[in-house]
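Okay, structure first, notes after.
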Amino acid sequence: MLNNILKVYDEDLAKGALNQASIAEGKAIAAGSTQGALCVNAFAVGDVSISNSVTITVKHGDSETGSFSELLTMSIEATKSFEDGELMATATLPADVKDFVTAAVTSNTSNSGEIRVTLGYLAR
């Protein structure tokens, strides 16, 4: 049970092919008032090869359609490879996160595979 990660269905903060320079923000997801019980997970979709580093910028804001500011950044180092469904990076949301979060991914055309950035639940 310790190695299981609960995945949220169809609530992606960002999702797309890593052979693009950037992946636009996904939809804003409610995450406020969770008292540090959520994390952000980046999963490999298909086999992934990282030739140049990937940066995931998590942003938060007060409303679903309002402006968002940077909350945290996660990095995936170059020369890494991942299998389908493998966790590539994770970070815990702070207790003072605003009501909504989203994410954007900066990548490189030399990378291959896809990424899915989504919220996860931490065991309590």
Side-chain angles (χ1 to χ4, degrees):
M1 181 66 180
L2 292 176
N3 290 326
N4 291 331
I5 298 173
L6 296 174
K7 297 177 185 175
V8 180
Y9 175 75
D10 196 35
E11 288 193 353
D12 298 330
L13 302 176
K15 184 176 181 180
L18 287 167
N19 63 355
Q20 305 173 62
S22 64
I23 298 170
E25 297 173 12
K27 60 183 171 183
I29 306 298
S33 302
T34 55
Q35 302 299 317
L38 295 176
C39 63
V40 176
N41 293 320
F43 293 102
V45 178
D47 291 335
V48 170
S49 177
I50 307 293
S51 299
N52 287 304
S53 63
V54 173
T55 302
I56 302 161
T57 305
V58 179
K59 301 174 182 182
H60 66 155
D62 293 319
S63 71
E64 191 172 1
T65 57
S67 62
F68 289 82
S69 59
E70 186 174 320
L71 175 64
L72 61 92
T73 302
M74 303 179 340
S75 296
I76 303 170
E77 298 175 8
T79 68
K80 297 272 186 176
S81 60
F82 301 92
E83 295 179 7
D84 182 39
E86 190 173 352
L87 181 66
M88 299 191 303
T90 189
T92 301
L93 291 178
D96 63 348
V97 66
K98 293 182 180 179
D99 290 338
F100 292 88
V101 295
T102 189
V105 179
T106 304
S107 188
N108 189 286
T109 57
S110 63
N111 295 332
S112 66
E114 294 186 21
I115 190 170
R116 177 179 181 236
V117 181
T118 186
L119 291 177
Y121 300 103
L122 298 172
R124 293 288 178 174

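Just so you know, these numbers come straight off a predicted model, no measurement behind them.
When all heavy atoms of F68 and S63 are compared, the closest pair comes out as CZ-O, 3.6 Å. The nearest pair of heavy atoms linking S53 to A78 is N-CB, 3.9 Å. Closest approach of G85 and F43 over heavy atoms only: O-CD2, 3.5 Å. Closest approach of G46 and D84 over heavy atoms only: N-OD1, 2.7 Å. Between V117 and A103, the shortest heavy-atom contact is CG1-CB, 4.1 Å. What you find for E114 and A17 is that their closest heavy atoms are CG-CA, 3.8 Å.
Side chains of N41 and T118: no donor on one and acceptor on the other come within 3.5 Å.
Environment of CD in E70: crowded, with over 12 heavy atoms of neighbouring residues, nucleotides or ligands closer than 6.0 Å. Within 6.0 Å of the NZ atom in K80, the count of heavy atoms belonging to other residues, nucleotides or ligands does not exceed 12.
Remark: the backbone N or O of G26 is paired with a side-chain donor or acceptor of T102 at under 3.5 angstrom.
For residues 45-60, the pairs satisfying salt bridge (charged side-chain N to carboxylate O under 4.0 Å, His left out) are E25-K59, with sequence neighbours left out.
Between the CE atom in M74 and the CD1 atom in I56 there is a gap of 3.5 Å [rounded to 0.5 Å]. For the atom pair S49 OG and L18 CG, the distance stands at 10.0 Å (nearest 0.5 Å). To the nearest 0.5 Å, the span separating CD on Q20 from CG on N111 amounts to 11.0 Å. Rounding to the nearest 0.5 angstrom, the gap separating the NE2 atom in H60 from the CZ atom in F100 is 13.5 Å. Taken to the nearest 0.5 Å, the CG atom of L93 stands 6.0 Å off from the CG atom of L71. Atoms CG and CG, from D12 and L119 in turn, are 9.5 Å apart once rounded to the nearest 0.5 Å.
Tracing side-chain contacts under 4.5 Å through hydrophobic residues (I, L, V, M, F, W, Y), one never reaches V45 starting from V54; they form parts of separate clusters.
The side-chain hydrogen bond (donor to acceptor under 3.5 Å, both in side chains) check on S110 picks up N52, N108, with sequence neighbours excluded.
Contact annotation: the side chain of V48 never approaches that of I115 to less than 4.5 Å [non-hydrogen atoms, C-beta and beyond]. Residues N19 and S112 form no side-chain contact, since every pair of their non-hydrogen atoms from C-beta on lies 4.5 Å or further apart.
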